[in-house]
Amino acid sequence: MVSYSSLLLYGVGGIAVAGMALLVAFQDKLVYVPVIPGLTRSYQITPARLDLIYEDVWLRSSDGVKLHAWFIKLLPDCRGPTILFLQENAGNIAHRLEMVRTMLQKLQCNVFMLSYRGYGASDGYPSQHGITKDAQAALDHLFQRTDIDASRIVVFGRSLGGAVGAVLTRNNTDKIAALILENTFTSILDMVGVMVPFLKWFIGGPGSKGPKILNFLVRSQWSTIEIIGQIEKPILFLSGLRDELVPPLHVQMLYAKAAALNRQCVFVEFPTGMHMNTWQAGGDHYWNTIQQFLEQHAPERKESETS
C-alpha cells in the first residue's frame, strides 16, 4: 500500500515535471510578445501620422542583427534632453506613439524609440543576451550623434524595458545622465510566481522562499534586483498602484535596494495607475515629476560649458 508521504512526494514531483514542461515550451512566448493577438507585427502607424518630426534609423547590433528605430524630435534643432525609450514586452514601438507625442510636448525633449530584435521592423529573435546588445547599439548611436546634446541622454524603461535599461545604465555610466524606471519587475524569476502561482515554490529571485530548483530552466531571467544596486546614476522610480501585471511591491523593492547605496534615487506612486496607463492616470503630476527629475539630473548646459 502506498503511504501518504509517497503520494505527497509523487505529487510534488509531478508538479515539478509539469512546471519544467511549461517553462521549456512556452517561456519565450510569455516573456517576449512582438505581436499582440489580433494585430500584425508591422507598424500600424508611423510618427508621420501624428505630424511628428522623425527619422528612420537602421542599426547593427554587435552580433550583426539589423535593428530599426525611430528618432523623434520636438523641433529640428531641439537640444533638450534625449530620452532613449525602451518598451514593454508586448507589441511594437508604434503602439507607444501617443504617449511619446505627449512626452515630447510635456518634456520638450527628443525621443529615440528602439525596436528590439524580433520586434517591428527589426530582424532576429528576442532573447536577454540579444536585447542587451540591441540597447547598447542604440545608445552608441545616440552618443555619436552631433545634432543632440550627448550629455543629456536619459534612459526610460517601462516594465521589461526597465530591466533592459538597468543593465544598460549599469554598463554605461559615462554615457547616460540618468535612468527612469516605470512599473518594472524585480526579475522574471519572481514574475513566474506571479503568473503561475504554484511555480513560486520552485522558481524565484534572491529574496524568495522555496528550493528554486527550476531556476536554471529560465532563459531570460532579467534580474533587475541584482543590477539596481550597482547603478551609480540618478534613478526615478514610477509606480502605478493598480498595476494588474507587475505587483507594485516589485518597484518598491527595487527602490529600497537602490536607495540603500545611491542617494540620487526618487520614488513616486500614482494611486490609479495601471501597468500601461500610468502616464495617463498620473496626469500633470506624472509629467511634472519627470520634468523636475530631468531639470535636476539632465540640465541644459550653460554656454560657457559648451564652448
Side-chain angles (χ1 to χ4, degrees), residues 80-89 99 103 106-107 109-112 114 128 131-132 135-136 138-139 142-143 149-188 190-191 205-207 221-241 243 246-270 273 275 278-279 282 285-299:
T82 294
I83 293 178
L84 171 52
F85 181 75
L86 301 170
Q87 68 159 75
E88 309 86 332
N89 73 317
M99 186 276 292
M103 179 182 286
K106 296 288 187 179
L107 304 181
C109 63
N110 306 308
V111 181
F112 190 91
L114 171 68
Q128 179 172 344
I131 290 176
T132 299
Q136 186 65 55
L139 177 61
L142 282 176
F143 197 71
D149 184 344
S151 72
R152 304 180 75 188
I153 296 173
V154 175
V155 174
F156 188 135
R158 181 184 292 143
S159 191
L160 172 66
V164 181
V167 174
L168 184 67
T169 305
R170 190 273 309 269
N171 293 343
N172 294 273
T173 300
D174 59 330
K175 295 181 179 179
I176 295 171
L179 172 65
I180 301 172
L181 300 183
E182 180 178 323
N183 297 334
T184 296
F185 46 77
T186 52
S187 71
I188 292 295
D190 289 328
M191 284 301 298
Q221 298 192 1
W222 290 114
S223 190
T224 312
I225 194 69
E226 295 185 294
I227 297 294
I228 202 71
Q230 302 171 33
I231 296 174
E232 300 175 355
K233 290 296 184 177
I235 312 173
L236 172 61
F237 296 85
L238 306 173
S239 177
L241 296 185
D243 192 323
V246 176
L249 178 61
H250 282 222
V251 187
Q252 295 169 18
M253 292 174 65
L254 291 175
Y255 169 71
K257 181 71 176 290
L261 300 170
N262 183 347
R263 295 185 178 181
Q264 301 180 93
C265 295
V266 180
F267 178 79
V268 182
E269 296 176 330
F270 301 92
H275 192 64
T278 300
W279 67 277
H285 178 43
Y286 176 92
W287 295 111
N288 290 340
T289 296
I290 299 175
Q291 181 65 51
Q292 291 169 11
F293 181 76
L294 294 179
E295 288 174 353
Q296 182 175 1
H297 299 295

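Since the structure is predicted, the reported quantities are computational estimates derived from the model, not experimental observations. Computed from heavy atoms alone, side chains included, the values below leave out hydrogens, waters and symmetry copies.
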Using a distance-only test with no angle check, is there a side-chain donor-acceptor pair under 3.5 angstrom linking Gln292 and Gln296? no

Go through the side-chain N and O atoms of Tyr286 and Glu182 and say whether any donor and acceptor fall under 3.5 Å apart. yes

Could you go step by step and tell me if Ile235 and Asn262 meet the side chain to side chain contact (heavy atoms under 4.5 Å, CB included) rule? CA-CA 9 Å; Ile235 312 173; Asn262 183 347; 4.2 Å; yes

Whether the side chain of [X] engages the backbone of [Y] through a donor-acceptor N/O pair (distance < 3.5 Å, no angle test) should be reported.
X      : Y      : result
Gln264 : Lys233 : no
Gln87  : Arg158 : no
Asn183 : Val246 : no
Lys257 : Gly229 : no
Gln230 : Glu226 : yes
Asn172 : Leu168 : yes
Arg152 : Pro299 : yes

Checking side chain to side chain contact (heavy atoms under 4.5 Å, CB included) for the pair Thr224/Thr186: CA distance, chi angles, key distance, verdict? CA-CA 5 Å; Thr224 312; Thr186 52; 6.0 Å; no

Calculate, to the nearest 0.5 Å, the distance between atoms [atom1] and [atom2] belonging to [X] and [Y] respectively.
X      : Y      : atom1 : atom2 : result
Ile228 : Arg170 : CD1   : CZ    : 10.5 Å
Ile153 : Leu179 : CD1   : CG    : 13.5 Å
His250 : Ile225 : NE2   : CD1   : 9.0 Å
Glu88  : Thr184 : CD    : OG1   : 9.5 Å
Phe156 : Leu236 : CZ    : CG    : 8.0 Å
Ile83  : Leu142 : CD1   : CG    : 11.5 Å

Are there more than 12 heavy atoms of other residues, nucleotides or ligands under 6.0 Å from atom CD of Glu295? yes

How about [X] and [Y]: do any of their side-chain heavy atoms sit closer than 4.5 Å?
X      : Y      : result
Ile188 : Asp190 : no
Leu294 : Val154 : yes
Leu139 : Leu84  : yes
Phe293 : Val268 : no

What are the two closest non-hydrogen atoms of [X] and [Y], and how far apart are they?
X      : Y      : answer
Ala138 : Leu114 : CB-CD2, 4.1 Å
Pro248 : Ser239 : CB-OG, 3.9 Å
Ala177 : Ser151 : CB-O, 3.6 Å
Cys265 : Ala258 : SG-CB, 3.7 Å

Tabulate below the donor-acceptor pairs under 3.5 Å that side-chain atoms of residues 159-166 make, not counting sequence neighbours, or state none.
unit_1	atom_1	unit_2	atom_2	d
Ser159	OG	His275	NE2	3.0

Among residues at least two apart in sequence or on other chains, which ones pass salt bridge (charged side-chain N to carboxylate O under 4.0 Å, His left out) with Lys175? Asp140

If the plane angle is over 60° it's perpendicular, under 30° parallel, otherwise tilted; pick one for Trp287 and Trp279. perpendicular

Ring geometry between Tyr255 and Phe237 (parallel below 30°, tilted from 30 to 60°, perpendicular above 60°): perpendicular

Dump the intermediate steps for side chain to side chain contact (heavy atoms under 4.5 Å, CB included) on Val155 and Ile180, then the final yes or no. CA-CA 6 Å; Val155 174; Ile180 301 172; over 6 Å; no

Can you confirm whether or not the ring centre of Phe85 sits under 6.0 Å from the ring centre of Phe112? no

Phe270 vs Leu238, side chain to side chain contact (heavy atoms under 4.5 Å, CB included): CA-CA, chis, key distance, verdict: CA-CA 8 Å; Phe270 301 92; Leu238 306 173; 3.8 Å; yes

